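Encoded as structure tokens, the structure appears first; notes follow it.
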Amino acid sequence: RWVNDTPLLNPAGPTAPLFIHGGEVRLGAAGDLTLEAGSLIDVSGAARLTAAGALEAGHAGSIRLASLPANAEISGTQMTLDGELRGHGLEDGGSLELRAGAFDIASTAHPERAGRVQLTPAFFTNGGFTHYTLHAESAQDAAGDVLIDVAPGTRVDARAESLVLG
């Protein structure tokens, strides 16, 4: 969101509260967590042009999503990220932390590996985030599989998407 307090537009000064910093969203489930298509979690920062003509940049916020077993009897949970996550900022991007049982990072999905969060390399270039954290339950599951698995030949280039003031 862009706030312009120049006297030509607002001769009496700002009339609404100025919210230029992104917030924090934490969603945790003792079981499955689903962000359905069409949903949006946005912790983007904004900017403000003050009456003196100075640009004040807001900071992006953070998102933390967790889908972990409620107890030892639940062998795995599912985190589905079909919605949109945003953390843009004028000077810095937001942070995104995902906590789940296991992660696969690959150019193509592996449906045979149910219960694992499936991420593509493009995931790390969307939404404006500059800090990513993936946290799995432990180093390996009962079958000995690595819980954060980057497929052979997969290249992850984490880049923050930038927005242009206009």
Side-chain angles (χ1 to χ4, degrees), residues 1-4 16-50 54-70 74 76-110 113 115-141 145-151 154-166:
R1 180 177 154 129
W2 171 251
V3 178
N4 190 336
L18 301 177
F19 300 107
I20 63 168
H21 299 296
E24 178 180 43
V25 174
R26 290 179 177 224
L27 300 177
D32 296 346
L33 182 121
T34 300
L35 298 181
E36 296 197 23
S39 64
L40 168 66
I41 299 175
D42 191 346
V43 295
S44 296
R48 172 183 177 221
L49 185 62
T50 68
L55 181 64
E56 183 181 342
H59 299 285
S62 64
I63 297 173
R64 179 181 177 198
L65 304 175
S67 173
L68 298 170
I74 300 174
T77 62
Q78 184 66 40
M79 179 183 288
T80 305
L81 301 174
D82 291 336
E84 187 176 353
L85 303 171
R86 290 186 197 157
H88 295 97
L90 189 59
E91 291 183 351
D92 57 352
S95 62
L96 177 61
E97 179 181 351
L98 303 179
R99 300 173 66 86
F103 297 90
D104 283 338
I105 303 171
S107 297
T108 58
H110 296 279
R113 294 172 62 112
R116 301 174 70 91
V117 178
Q118 306 273 324
L119 302 173
T120 65
F123 177 82
F124 298 94
T125 62
N126 295 325
F129 297 98
T130 54
H131 306 280
Y132 292 90
T133 303
L134 302 180
H135 180 80
E137 289 179 40
S138 63
Q140 293 183 334
D141 65 9
D145 290 332
V146 174
L147 294 184
I148 298 179
D149 186 18
V150 180
T154 300
R155 180 178 170 153
V156 176
D157 292 317
R159 295 189 184 137
E161 204 176 45
S162 296
L163 300 178
V164 177
L165 293 175

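For reference, positions follow the sequence shown, starting with 1. Predicted model, so just to flag it, every value in this text is computed and none were measured.
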Checklist entry - Donor-acceptor pair, Thr120 side chain versus Ala106 backbone, under 3.5 Å? => result no
Checklist entry - Checking side-chain hydrogen bond (donor to acceptor under 3.5 Å, both in side chains) for the pair Asp42/Ser44: CA distance, chi angles, key distance, verdict? => result CA-CA 6 Å; Asp42 191 346; Ser44 296; 2.6 Å; yes
Checklist outcome for this item: One should read off an interatomic distance between Arg99 CZ and Met79 CE, to the nearest 0.5 angstrom, of 10.0 Å
Checklist entry - Could you walk me through whether Leu90 and Ile20 pass the side-chain contact (heavy atoms from CB on, under 4.5 Å) check? => result CA-CA 10 Å; Leu90 189 59; Ile20 63 168; over 6 Å; no
Checklist outcome for this item: CZ of Arg26 to CD1 of Ile41, rounded to nearest 0.5 Å, is 13.0 Å
Next on the checklist: As an exercise, state the distance from CD of Glu97 to OH of Tyr132, rounded to the nearest 0.5 Å.
Outcome noted: 14.0 Å
Checklist entry - Got a donor-acceptor contact below 3.5 angstrom from the Thr130 side chain to the Gly93 backbone? => result yes
Checklist entry - Of Leu40, Asp82, Leu65, which meets side-chain contact (heavy atoms from CB on, under 4.5 Å) against Leu35? => result Leu65
Checklist entry - Considering all heavy atoms of both residues, which atom of Asp32 and which atom of Gln78 are nearest to each other, and what is their separation? => result OD1-N, 2.8 Å
Next on the checklist: Is it the case that the side chain of Arg86 and the backbone of Gly127 share a donor-acceptor pair, with hydrogens and angles ignored and the cut-off at 3.5 Å?
Outcome noted: no
Item to check | Closest non-hydrogen atom pair, Ile148 against Leu134 | outcome: CD1-O, 3.7 Å
Next on the checklist: Between Arg116 and Leu147, is the side-chain contact (heavy atoms from CB on, under 4.5 Å) condition met? List the steps.
Outcome noted: CA-CA 8 Å; Arg116 301 174 70 91; Leu147 294 184; 4.1 Å; yes
Checklist entry - In chain order, what residues pass the salt bridge (Lys or Arg N to Asp or Glu O under 4.0 Å) check against Asp92, with sequence neighbours excluded? => result none
Checklist outcome for this item: What one should report as the nearest heavy-atom pair of Leu98 and Phe123 is CD1-CZ, 3.9 Å
Checklist entry - Is the backbone of His59 close enough, under 3.5 Å, to the side chain of His21 for a donor and an acceptor to pair up by distance? => result yes
Checklist entry - Could you give the distance from CD1 (Ile63) to CG (Leu85), rounded to the nearest 0.5 Å? => result 5.0 Å
